[in-house]
Colleague: 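Dumping the structure here so I can ask a few things about it.
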Amino acid sequence: MSTSESSRFFVFQKASGEDFEEVWKIVDDARNRMLREGKQQWDNNYPLPSHIHNDIANETAYVLKDSSGKTVCFGAVIFDGEAAYESIEGRWLSEKEYVVVHRLAVSQETQGQGVASLFLQQVEKLARQKGIESFKVDTNFDNFAMMAVLDKLGFTYCGEISYDKGKRRAYEKELKKRFSSTDSTF
């Protein structure tokens with residue numbers, strides 16, 4: 001990040017209905033970018049506004065906001081498992097309770113500035129505060145940016161999991177309990 005970027009602070013919090021428009025713009029822009037680039041992770045039917053509304057209603061929608069209050073990143077942070085993760089071609093690092101992030105998207109204006117990494121680091125902190133010791137995530141085989149972020153943050157490639165629309169690369173990071181602060185501003 002540039003000096004001006006590193007001097008900003010961010011707030012990680014649950015999204016509310018008031019955040020929907022900003023969140024949907026970020027997700028829709030990311031989806032359209034993937035489609036233009038020929039990437040196969042998202043398509044015209046996923047994600048849809050209904051997915052984001054459900055994330056907000058289920059209180060799994062989280063946002064990262066910059067110092068001006070603008071949403072710069074969104075993700076669905078889920079603590080009650082992922083059915084597709086029950087069967088893996090490969091092997092998970094652990095069988096512990098885990099957190100998973102789906103529908104991670106970064107605003108176009110903050111692409112390449114480490115915002116996805118910051119979001120995932122805050123998810124790690126939240127998981128540790130809840131006593132969760134594992135972080136699992138999946139991504140498509142052609143989502144090189146996400147794979148680079150996962151590598152940078154110390155995730156381990158564990159194999160492939162399957163969804164109706166195809167296979168995804170599965171990653172896990174074991175978390176050590178070390179955060180006690182509940183501060184979500186950094």
Side-chain angles (χ1 to χ4, degrees), residues 1-2 4-6 8-58 60-78 82 84-85 99-124 135-155 157 160-173:
M1 277 190 239
S2 69
S4 63
E5 290 298 320
S6 63
R8 293 191 323 191
F9 73 86
F10 296 89
V11 176
F12 176 75
Q13 64 188 37
K14 280 188 181 178
S16 71
E18 294 174 4
D19 296 311
F20 174 79
E21 292 301 325
E22 274 188 318
V23 166
W24 176 245
K25 179 172 182 2
I26 290 169
V27 171
D28 194 38
D29 286 348
R31 181 182 63 163
N32 288 325
R33 185 176 54 255
M34 284 186 195
L35 290 171
R36 281 191 309 274
E37 294 172 357
K39 300 212 186 298
Q40 299 177 26
Q41 182 147 350
W42 292 354
D43 60 30
N44 288 321
N45 297 311
Y46 180 84
L48 296 171
S50 60
H51 294 110
I52 307 308
H53 282 299
N54 286 339
D55 291 335
I56 292 169
N58 294 330
T60 58
Y62 280 79
V63 291
L64 191 65
K65 295 186 177 205
D66 67 13
S67 56
S68 72
K70 181 178 167 100
T71 301
V72 296
C73 189
F74 165 81
V77 179
I78 301 165
E82 167 56 62
Y85 290 7
V99 63
V100 62
V101 170
H102 286 307
R103 293 178 283 288
L104 181 65
V106 174
S107 70
Q108 287 185 358
E109 300 80 22
T110 58
Q111 288 285 314
Q113 297 178 16
V115 171
S117 293
L118 290 173
F119 185 94
L120 293 173
Q121 288 168 333
Q122 290 301 299
V123 172
E124 285 184 35
F135 190 165
K136 295 180 180 179
V137 68
D138 65 86
T139 192
N140 204 51
F141 66 92
D142 60 1
N143 193 340
F144 303 113
M146 183 63 171
M147 286 185 267
V149 168
L150 295 173
D151 185 53
K152 173 186 164 187
L153 294 177
F155 282 79
Y157 172 71
E160 296 181 350
I161 50 103
S162 296
Y163 289 104
D164 291 341
K165 294 186 177 192
K167 294 185 178 203
R168 299 286 186 262
R169 293 176 57 89
Y171 294 81
E172 182 177 7
K173 180 176 182 177

Colleague: Work out which heavy atom in S107 is nearest to a heavy atom in I26; give both atom names and the distance.
Modeller: N-CG2, 3.7 Å
Colleague: Excluding sequence neighbours, so at least two apart, what forms side chain to side chain contact (heavy atoms under 4.5 Å, CB included) with A170?
Modeller: I88, W92, I161
Colleague: Out of the candidates F135, F155, Y157, Y85, only one should pair with Y171 under the ring-ring contact (aromatic ring centres under 6.0 Å, His included) rule; please name it.
Modeller: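 Of the listed options, the one satisfying the test is Y157.
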Colleague: Mind running side-chain contact (heavy atoms from CB on, under 4.5 Å) on N140 and M34 for me, showing each step along the way?
Modeller: CA-CA 11 Å; N140 204 51; M34 284 186 195; over 6 Å; no
Colleague: What are the two closest heavy atoms between R31 and P47, and how far apart are they?
Modeller: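 Looking at all heavy atoms of both residues, the shortest contact is NH1-O, 3.2 Å.
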Colleague: Under the side-chain contact (heavy atoms from CB on, under 4.5 Å) criterion, do Q41 and M146 qualify, and how do the steps go?
Modeller: CA-CA 11 Å; Q41 182 147 350; M146 183 63 171; 5.9 Å; no
Colleague: Between Y46 and W42, how do the two ring planes meet: parallel, tilted or perpendicular, split at 30° and 60°?
Modeller: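 Rings of Y46 and W42: perpendicular, over 60°.
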Colleague: Looking at every non-hydrogen atom in both residues, tell me the closest pair between I56 and A15 and how far apart they are.
Modeller: CG2-O, 4.1 Å
Colleague: Search all heavy atoms of Q40 against all heavy atoms of D142 and return the closest pair with its distance.
Modeller: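 The answer is N-OD2, 3.0 Å.
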Colleague: State the CZ-NZ distance between F141 and K167, to the nearest 0.5 angstrom.
Modeller: 12.0 Å
Colleague: Distance check, rounded to the nearest 0.5 Å: N58 atom CG versus H51 atom NE2?
Modeller: 11.5 Å
Colleague: Among all residues two or more places apart in sequence or in another chain, which pass the salt bridge (Lys or Arg N to Asp or Glu O under 4.0 Å) test with K25?
Modeller: D29
Colleague: List the atom of V101, the atom of G75, and the distance in Å for their closest heavy-atom pair.
Modeller: CG1-CA, 4.5 Å
Colleague: Can you name the nearest heavy-atom pair linking A84 to S162, along with the distance?
Modeller: CB-O, 3.6 Å
Colleague: Enter the distance from K136:NZ to I78:CD1 here, rounded to the nearest 0.5 Å.
Modeller: 14.0 Å
Colleague: Looking at residues at least two apart in the chain, or sitting in another chain, which of them share a salt bridge (Lys or Arg N to Asp or Glu O under 4.0 Å) with D43?
Modeller: K165
Colleague: Within the 4.5 Å heavy-atom criterion, are R169 and L150 side-chain neighbours or not?
Modeller: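 With C-beta onward as the side chain, the pair stays apart.
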Colleague: Rounded to the nearest 0.5 Å, what separates atom NE2 in H102 from atom CD in E82?
Modeller: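 Between atom NE2 of H102 and atom CD of E82 there are 3.5 Å.
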Colleague: Verify side-chain contact (heavy atoms from CB on, under 4.5 Å) between F119 and F10, making sure each step is shown before the conclusion.
Modeller: CA-CA 9 Å; F119 185 94; F10 296 89; over 6 Å; no
Colleague: Near E18 CD, under 6.0 Å, is it more than 12 heavy atoms from other residues, nucleotides or ligands?
Modeller: no
Colleague: Rounded to the nearest 0.5 Å, what separation is found between the CZ atom of F20 and the CG atom of D55?
Modeller: 10.5 Å
